[in-house]
Number of protein chains: 2
Amino acid sequence: MTKAAARLELPVPPRARRSHAERTTETRAKIIAAVVDSIAAIGFQRTTAQEIARRAGVTWGAVQHHFGGKDELLIAVLEESFNRFAERLDDVSLEGSDLATRAALFVDRAWAHFRSHHYRSSFEILLNHLGRAAEPADADWRTRMARAWDRVWTRIFADSPLPRQQSLALQHFTISALSGLASTSMLGGTRAATPKRQLELLKRTLARELRTAR
Amino acid sequence: MTKAAARLELPVPPRARRSHAERTTETRAKIIAAVVDSIAAIGFQRTTAQEIARRAGVTWGAVQHHFGGKDELLIAVLEESFNRFAERLDDVSLEGSDLATRAALFVDRAWAHFRSHHYRSSFEILLNHLGRAAEPADADWRTRMARAWDRVWTRIFADSPLPRQQSLALQHFTISALSGLASTSMLGGTRAATPKRQLELLKRTLARELRTAR
DNA sequence: CCATTTACATATTGCCTACAAGGCAAATTG
DNA sequence: CAATTTGCCTTGTAGGCAATATGTAAATGG
């Protein structure tokens, strides 16, 4: 038990002996979750090494052991968030519904990601930490996200007559609207309500544009 | 001449004696511009006191003299950006055009703000520095921006049959789409192209929604 | 069973940051 | 003209931060 846990006076149930692999998996997950929650709660800048260690219930030495340093940890958080994003979108079967219904469900599913802590932490990590360095990893992230989005979009809206160029613009528009709604919520704090009318408008716009060729 | 200017080896033309008021105005403007440009170029986190002083061509002592400290300076930058935003929107006369034309011109004018360095710096200041403290100033900023936007919107689209509640939702949707496009550009760096198709889509959506009552 | 490896904690270090205090030159004011 | 005020520079300081080095306990493997 760490001193941190002791200080919190949480009853820590006696645990059976655990393998290194078990401990590694659990600790890494705790550390990554700590970063995501910390950025969402107090912002990237205040998410210091000590704060991450505190929230994860370990010391920074443990974080270093697992990740090497803060940069590598943040990259691991991006990876985890991307995987959740891709899985969330991939795990959708909308075949058989009409276009408007599929557009609505797609927007709902996508919004679930954009309003999540994982999106916020990814956004702030990219904006504050990686986005300026013009690192290859940065471009890679955008490409990977765009490809994951396009893959799902193409599958769900395969019957749309929209030409490719306009489909890409519509995808980008949808991402922008959702991320704009998310950043409004970010600046507004957790008290911001779900923007239902705006999401309905986005769904109607999508449905209309998807069935219109021009 | 500061050492910084001397190092840049810029020819500094001999100046007539200047009043304190002139110097104050010029120096404050230089410092605010330095913050805006620095955040846009290298991000909020790297925009240190020393970096601001360097870009402004003064020392931090001068910044302290004029603004008191970094917090006060950032608030002054927000104020300046807000004034430019409000002036930019107010300085629009669209009467006489049909709804679609006005929607298009409004979106163009608003986009000019959202893609500006002033918007980026305001966004990052609010996100990184003020947005977390749950300060009264933060809520004040959102309220002021929303009111300025609504004032212009109501004037330009006075003939729209849209009920108030839906007009507010449409305004928020428009802001979200524009800020989403802006944040996509932020993450993409200055090389990001103007999202022409997306802006056209926003204009069409606006025009349609504005003339539809439901 | 023991040597080795791994997971993690602790103490220390070096650097960066914003800020405060004092001083000088120029402008202002009575 | 002299006292005062203002604009700005220089220097020093305190605190925060990530990273490093070292040590201990637990798990592993031969």
Side-chain angles (χ1 to χ4, degrees), chain A residues 1-7 12 14-32 34-35 38-39 42-77 125 128-129, chain B residues 1-7 12 14-32 34-35 38-39 42-77 125 128-129:
Chain A
M1 180 197 304
T2 66
K3 284 181 180 174
R7 280 198 290 277
V12 180
R15 308 285 298 269
R17 284 159 162 268
R18 291 178 299 136
S19 71
H20 274 178
E22 285 175 327
R23 288 192 71 182
T24 291
T25 300
E26 177 182 323
T27 301
R28 285 176 68 94
K30 287 198 309 185
I31 293 168
I32 289 180
V35 175
S38 181
I39 292 179
I42 61 174
F44 180 89
Q45 201 172 22
R46 292 184 177 87
T47 302
T48 63
Q50 295 312 313
E51 180 65 22
I52 293 168
R54 187 189 71 77
R55 284 175 182 263
V58 297
T59 62
W60 188 249
V63 178
Q64 285 194 296
H65 170 75
H66 285 283
F67 295 96
K70 199 177 181 187
D71 280 359
E72 295 91 335
L73 171 56
L74 295 178
I75 290 173
V77 170
I125 290 172
N128 283 291
H129 191 75
Chain B
M1 179 198 303
T2 65
K3 284 179 179 176
R7 283 197 289 278
V12 180
R15 306 285 297 268
R17 284 156 160 270
R18 293 178 298 139
S19 71
H20 274 179
E22 286 176 328
R23 289 192 71 182
T24 291
T25 300
E26 178 182 321
T27 302
R28 286 175 68 95
K30 287 198 312 187
I31 294 168
I32 288 180
V35 175
S38 181
I39 292 180
I42 61 174
F44 180 87
Q45 199 172 26
R46 292 185 176 86
T47 301
T48 62
Q50 294 314 312
E51 180 64 23
I52 293 167
R54 186 189 71 77
R55 285 174 181 263
V58 297
T59 61
W60 187 249
V63 180
Q64 284 187 293
H65 172 76
H66 284 283
F67 294 95
K70 199 177 182 187
D71 280 0
E72 296 89 337
L73 171 57
L74 295 178
I75 289 173
V77 171
I125 290 171
N128 283 290
H129 191 75

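Throughout, a chain's letter reflects where its sequence line sits, starting with A, and its residues are numbered from 1.
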All N/O pairs under 3.5 Å across the protein-nucleotides 3-7 of chain D interface:
from, atom 1, to, atom 2, distance (Å)
dG7(D), OP1, T24(B), OG1, 2.1
dG7(D), OP2, H65(B), NE2, 2.7

Nearest whole angstrom, please: distance from the [atom2] of [N] to the [atom1] of [X].
X	N	atom1	atom2	result
R28(A)	dT6(C)	CZ	P	14 Å
K70(A)	dG16(D)	NZ	P	15 Å
Q45(A)	dA18(D)	CD	C1'	15 Å
F44(B)	dA18(C)	CZ	P	9 Å
F67(A)	dA19(D)	CZ	C1'	17 Å
R18(A)	dA26(D)	CZ	P	12 Å
I31(B)	dC8(D)	CD1	C1'	10 Å
L73(A)	dA18(D)	CG	C1'	12 Å

*Give a yes or no answer on whether the side chain of E26(B) reaches the backbone of R23(B) with a donor-acceptor pair at less than 3.5 Å.*
no
*Where the side chain of T59(A) is defined as all heavy atoms beyond and including C-beta, which of dC9(D), dT17(C), dT10(C) is the nearest nucleotide?*
dT10(C)
Got a second to check how far [X]'s [atom1] is from [Y]'s [atom2], nearest 0.5 Å?
X	Y	atom1	atom2	value
T24(A)	R18(A)	OG1	CZ	9.5 Å
H65(A)	T59(A)	NE2	OG1	11.5 Å
T27(A)	F67(A)	OG1	CZ	9.0 Å
E72(A)	H66(A)	CD	NE2	14.0 Å

Report yes if some heavy atom in the side chain of [X] is under 4.5 Å from a heavy atom in the side chain of [Y]; otherwise report no.
X	Y	answer
N128(A)	Q45(A)	no
L74(B)	F44(B)	yes
I52(A)	K70(A)	yes

What nitrogen or oxygen pairs link the protein and nucleotides 20-23 of chain C at under 3.5 Å?
from, atom 1, to, atom 2, distance (Å)
dA20(C), N7, Q64(B), OE1, 3.1
dA20(C), N7, Q64(B), NE2, 3.2

*Which residue lies toward the 5' end of DNA chain D, A62(B) or Q50(A), if each is placed at its nearest nucleotide?*
A62(B)
_Residues forming a salt bridge (Lys or Arg N to Asp or Glu O under 4.0 Å) with E51(A), sequence neighbours excluded_ = R54(A), R55(A)
